[in-house]
Amino acid sequence: QRQMCIRDRPYAGWSLFVGGMYGSGKTTILGDMLAYEQKRGKVAYVMVPQEGDADKGGWRSIAGMGITEAYLVETYDDLKDLLAKFRKDRYQAVGVDQLCGVATLIRLKLLGENRMPNTTLKRNEYGEINAEFCSFVREWNNSVHYSMMVAPTDITSKDDQTGQQPSMQD
């Protein structure tokens, strides 16, 4: 065992992951957290294409809670740029809707297309994606004081590639 000094951590806040069924209130919980933390500093809502677009998506309920800063990220590079902005401008809290979509953005960046990764003698795409995903989560956790990420976690949730609910025959 080794004792850690947590007093001097620059962003000693918390990060929280919330998973649940489609329509279970994950985005509402995320919005509540952002609305609460908005009293203490800058907050932002980040949405990926799998969660919606400029016409529909979780941002509608977030806007109804008084959150005015929202981003729709369409590439992993856009997401990384936002992380740098949040760190530089010392955001109080940021929420991501949803984490499965972030994984899709990472696959698109590393593989050039949204497909299942392969492992060969020359390349382990699973390992590359996992390493980048872990790096993203670590960087995200150290970029803002409070962060929350939400994601669907069961078969009734939307498919992260099509945005549709899977049929029971799939």
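Being a predicted model, the structure only gives us computed values, none of them experimental. Computed over heavy atoms, backbone and side chain alike; hydrogens, waters and symmetry mates excluded. For reference, positions follow the sequence shown, starting with 1.
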Heavy-atom distance under 4.5 Å between the side chains of [X] and [Y], does that happen here?
X: Val150; Y: Ile29; value: no
X: Cys100; Y: Gln50; value: no
X: Thr28; Y: Met65; value: yes
X: Asp97; Y: Val48; value: no

request  = Would you kindly say whether Thr104 and Arg107 are connected by a side-chain donor-acceptor distance under 3.5 Å?
outcome  =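 The criterion, which ignores hydrogens and geometry beyond distance, is satisfied for Arg107 and Thr104.
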
key: Ser147 and Ser15 side chains, donor-acceptor separation under 3.5 Å   = yes

Is it true that a side-chain atom of [X] and a backbone atom of [Y] form a donor plus acceptor pair closer than 3.5 Å?
X: Gln38; Y: Gly66; answer: yes
X: Ser143; Y: Glu139; answer: yes
X: Lys26; Y: Met21; answer: yes
X: Glu125; Y: Asn118; answer: yes
X: Asn141; Y: Val137; answer: yes
X: Glu113; Y: Arg115; answer: no

request  = In sequence, state the C-alpha distance, the side-chain angles, and the governing distance for Val46 and Phe86, and then conclude on side chain to side chain contact (heavy atoms under 4.5 Å, CB included).
outcome  = CA-CA 11 Å; Val46 177; Phe86 297 150; 3.9 Å; yes

To the closest 0.5 Å, what do you measure between [atom1] ([X]) and [atom2] ([Y])?
X: Ile106; Y: Asn114; atom1: CD1; atom2: CG; result: 12.0 Å
X: Leu83; Y: Lys88; atom1: CG; atom2: NZ; result: 14.5 Å
X: Met116; Y: Thr119; atom1: CE; atom2: OG1; result: 10.0 Å
X: Gln92; Y: Leu34; atom1: CD; atom2: CG; result: 10.5 Å
X: Ser135; Y: Asn130; atom1: OG; atom2: CG; result: 11.0 Å

All ring pair (Phe, Tyr, Trp, His ring centres under 6.0 Å) counterparts of Phe136, not counting sequence neighbours = Trp140

task = Apply the test side chain to side chain contact (heavy atoms under 4.5 Å, CB included) to residues Leu108 and Tyr76: give CA-CA distance (whole Å), side-chain angles for both, the deciding distance (0.1 Å), then the verdict.
result = CA-CA 8 Å; Leu108 287 169; Tyr76 186 56; over 6 Å; no

Minimum-distance pair of heavy atoms, taken over all atoms of [X] and [Y]:
X: Ala44; Y: Tyr71; result: CB-CE1, 3.9 Å
X: Met148; Y: Val18; result: SD-CG2, 4.1 Å
X: Met33; Y: Val94; result: CE-O, 4.0 Å
X: Ile62; Y: Thr27; result: CD1-O, 3.7 Å
X: Val96; Y: Leu30; result: O-CD1, 3.6 Å
X: Thr153; Y: Gly19; result: CG2-CA, 3.4 Å

Member of Tyr36, Tyr91, Trp14 meeting the ring pair (Phe, Tyr, Trp, His ring centres under 6.0 Å) criterion with Tyr146 = Trp14

query = Taking everything shown except Lys109 itself, do over 12 heavy atoms lie less than 6.0 Å from its NZ?
reply =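 Open: at most 12 neighbouring heavy atoms sit under 6.0 Å from NZ of Lys109.
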
key: Pair Leu79-Thr75, side chain to side chain contact (heavy atoms under 4.5 Å, CB included): steps then yes or no   = CA-CA 7 Å; Leu79 189 59; Thr75 70; over 6 Å; no

request  = Apply side chain to side chain contact (heavy atoms under 4.5 Å, CB included) to the pair Val73 and Leu82, showing each step before the final yes or no.
outcome  = CA-CA 9 Å; Val73 293; Leu82 273 178; 3.4 Å; yes

request  = With sequence neighbours excluded, tell me which residues meet salt bridge (Lys or Arg N to Asp or Glu O under 4.0 Å) with Lys42.
outcome  =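 Partners of Lys42 under the salt bridge (Lys or Arg N to Asp or Glu O under 4.0 Å) test: none.
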
